Amino acid sequence: MPKTLIILTGPTGIGKTKLGISLAKYFNTEIVSADSRQIFKELRIGTAVPSGKELNEVKHHFIHSHSIAENYNASKYEAEVLALLDELFKKYDKAIMVGGSMLYIDAICKGIDIMPDADPEIRESLKAKFKNEGIESLRLQLKKLDPDYYNTVDLKNHTRIIHALEICLMTGKPYSSFRTNSKKERPFHIIKIGLNCDRNMLHQRINQRVDKMVEAGLEKEAKNVYHLKHLNSLNTVGYREWFAFFDGEISRKKAIELIKRNSRRYARKQITWFTKDTDTMWFEPDQEKEIINTIEKQISVHEKPD
RNA sequence: GGUGCCAUAGCUCAGUUGGUAGAGCAACGGACUGAAAAUCCGUGUGUCCCUGGUUCGAUUCCAGGUGGCACCA
């Protein structure tokens, strides 16, 4: 039997969790989360992880599986998920992936080029260089170490330049020599379902969800990890705004407003990314029947002998 | 009912000595390969309340209307 990974994606707050559970039950399989923040066990309210009840209904993977102290990234996710899928596909013909982390989903579908993990010390020194000398000095260094990438990279984006430099410095080879941009083959079919709805409605859902998170104690949750605010994993909507409040930079009311605004912007960014992918089939969150029909139709095509 | 003030972008407002307009916030569009809920780039989106008048030309001046606010009855 051919194996199929059904990917359910879409902007934050659209209703992926609920529908994912319905699909997993219908197809009698398990869920692999594709959410770069729900993966962290210290974050619960602000990342809108599935409730305890929901987690009991269907087995979930990559929810609360790692710690914010780990240096996690899309490449590690790729390796760990592929290993998990190997196991799952021994038991099931289908698995459901649910989430909105764009790069993580891409890593599963297409793969990420192999290159070394960033050395934290080198990264810190490059960050210090950026802070002290500005972006121009990073650009000059990149021009010397990797002229090819210098010509294609967004020269205003210090994060990209720093990452390229750290690879150059660690390996002695240009960063661009690691970038093959080739698509890795996967031993399973992929069906991508996207959820979207009217933008005003989505904004309303997001705003209401943030209010609920605040009622549920998001401020306290942020307080509990405040001492670790320097971690990349906490550079996250719903937490960094509280940190700014705790630091006295903004009011509590402003923090909540910013969480809403930043969530809306994140949703827009997700929509931009996902709609670029022409393989994704789009539905409204309440079109469960249509989605199941579409998936079954696709699977039956795959199952036909060539 | 009377008097005064106001009506310009989604919101709060500026402005045009008459030549069809611009800030903040919000919003919108885009890029993306190991930090991705990150990082970066770009974009004013407008019946200047309505109807007349004056004028070559009115969002601007005048009159009336409508709506809002304040005060007086």
Side-chain angles (χ1 to χ4, degrees), chain A residues 9-13 16 33-40 43 45-49 68 70-80 99-120 122-124 126-127 130 135 138-139 149 152-167 170-171 175-184 199-200 202-203 206-207 209-210 213 218 222 230-243 250 254 257-277:
Chain A
T9 190
T12 187
K16 298 185 291 293
S33 170
D35 189 301
S36 71
R37 294 302 190 267
Q38 290 183 0
I39 211 166
F40 296 121
L43 312 181
I45 298 168
T47 56
V49 289
I68 51 175
E70 286 182 53
N71 243 333
Y72 207 69
N73 61 48
S75 179
K76 287 181 186 169
Y77 179 76
E78 177 191 6
E80 290 175 14
S101 291
M102 305 156 281
L103 188 64
Y104 282 34
I105 292 172
D106 246 30
I108 301 309
C109 297
K110 297 193 272 190
I112 281 185
D113 288 326
I114 294 162
M115 58 183 82
D117 264 343
D119 180 324
I122 293 181
R123 176 166 294 186
E124 282 314 310
L126 286 166
K127 276 162 99 170
F130 172 58
I135 198 164
L138 296 178
R139 285 180 192 151
Y149 191 59
T152 54
V153 71
D154 175 359
L155 288 169
K156 288 179 178 163
N157 194 330
H158 65 273
T159 309
R160 298 265 155 73
I161 299 178
I162 287 175
H163 180 237
L165 283 176
E166 61 198 14
I167 299 296
M170 284 169 66
T171 63
Y175 169 66
S176 55
S177 67
F178 293 92
R179 284 161 56 93
T180 66
N181 223 349
S182 56
K183 191 178 167 184
K184 292 181 195 163
R199 190 68 68 93
N200 287 330
L202 180 62
H203 285 179
I206 288 171
N207 295 342
R209 192 166 77 159
V210 172
M213 287 175 176
L218 180 57
H230 59 279
L231 293 174
N232 173 62
S233 49
L234 290 176
N235 186 0
T236 298
V237 176
Y239 297 88
R240 60 206 243 189
E241 297 86 354
W242 288 113
F243 301 157
I250 56 174
K254 182 76 181 171
E257 254 173 53
L258 285 178
I259 292 171
K260 290 177 182 172
R261 185 199 69 183
N262 292 337
S263 298
R264 295 193 297 263
R265 289 183 177 175
Y266 173 50
R268 178 153 53 83
K269 196 173 79 169
Q270 287 174 304
I271 292 167
T272 298
W273 177 292
F274 291 136
T275 51
K276 231 184 10 177
D277 184 347

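On a predicted model such as this, the values are computed, not experimentally measured, just so you know. Residue numbers begin at 1 in each chain, while the letters A, B, ... track the order of the sequences.
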> A:T9 side chain to A:G99 main-chain N or O, any donor-acceptor pair under 3.5 Å?
yes
> One character per nucleotide, please: for nucleotides 28-35 of chain B, 5' to 3', B when the base has a protein heavy atom closer than 4.0 Å, S when only the sugar-phosphate does, - otherwise.
BBSBBBBB
> Nearest 0.5 angstrom please: A:F178 CZ to A:T171 OG1, how far?
4.0 Å
> In terms of relative ring orientation, are A:Y72 and A:Y104 parallel, tilted or perpendicular, with 30° and 60° separating the classes?
tilted
> Toss me the dot-bracket line for RNA chain B: Watson-Crick and G-U wobble, both under 3.5 Å, 5' to 3', using | for pairs to another strand and [ ] for crossers.
(((((((..((((.....[..)))).(((((.......))))).....(((((..]....)))))))))))).
> Rounding to an integer number of Å, can you tell me how far A:Q38 CD sits from B:rA38 P?
15 Å
> So what does A:D35 hit on the nucleic acid, given a heavy-atom distance under 4.0 Å: a base, only sugar-phosphate, or nothing?
base
> Rounded to whole Å, please give me the gap between CG in A:L138 and P in B:rU39.
16 Å
> P atom, B:rA7 versus B:rU12: distance in rounded Å?
12 Å
> In whole Å, what is the span from the CG atom of A:N207 to the P atom of B:rC11?
17 Å
> How close or far is atom P of B:rA36 from atom CG of A:L231, stated in whole angstroms?
12 Å
> Could you state the CG-P distance from A:N200 to B:rA26, rounded to the nearest angstrom?
17 Å
> Using 4.0 Å as the upper bound for N to carboxylate O, is an ion pair formed by A:K127 and A:E124?
yes
> Does the side chain to side chain donor-acceptor pair (under 3.5 Å) test come out yes or no for A:S263 and A:R209, once each step is laid out?
CA-CA 10 Å; A:S263 298; A:R209 192 166 77 159; over 6 Å; no
> Using the test ring pair (Phe, Tyr, Trp, His ring centres under 6.0 Å), find all partners of A:F274 that sit at least two apart in sequence or belong to another chain.
none
> Check the surroundings of atom NZ in A:K76: do more than 12 heavy atoms from other residues, nucleotides or ligands lie under 6.0 Å from it?
yes
> In whole Å, I'd like the distance from the CG atom of A:N262 to the P atom of B:rC25.
13 Å
> For A:S101, which contact category applies under a 4.0 Å heavy-atom criterion: base, sugar-phosphate, or nothing?
sugar-phosphate
> Provide the closest heavy-atom pair for A:A267 versus A:T12 in the form atom of the first, atom of the second, distance.
CB-CG2, 3.9 Å
> Round to the nearest Å and state the distance from A:R240 atom CZ to B:rA38 atom C1'.
8 Å
> Return the value, rounded to whole Å, for the distance between atom NZ of A:K260 and atom C1' of B:rG10.
17 Å
> Using the P atom as the reference point in each nucleotide, state the distance between B:rC50 and B:rU66 in Å, no decimals.
16 Å
> Could you give the distance separating B:rA27 and B:rC11 at their P atoms, to the nearest angstrom?
14 Å
> Can A:K269 be said to sit on top of A:W273's aromatic six-ring, NZ or CZ under 6.0 Å from centre and within 45° of the ring axis?
no
> Just checking A:S263: base, sugar-phosphate only, or nothing, at a heavy-atom cut-off of under 4.0 Å?
nothing
> Pick the P atom in B:rU8 and in B:rG46, then give their distance to the nearest Å.
15 Å
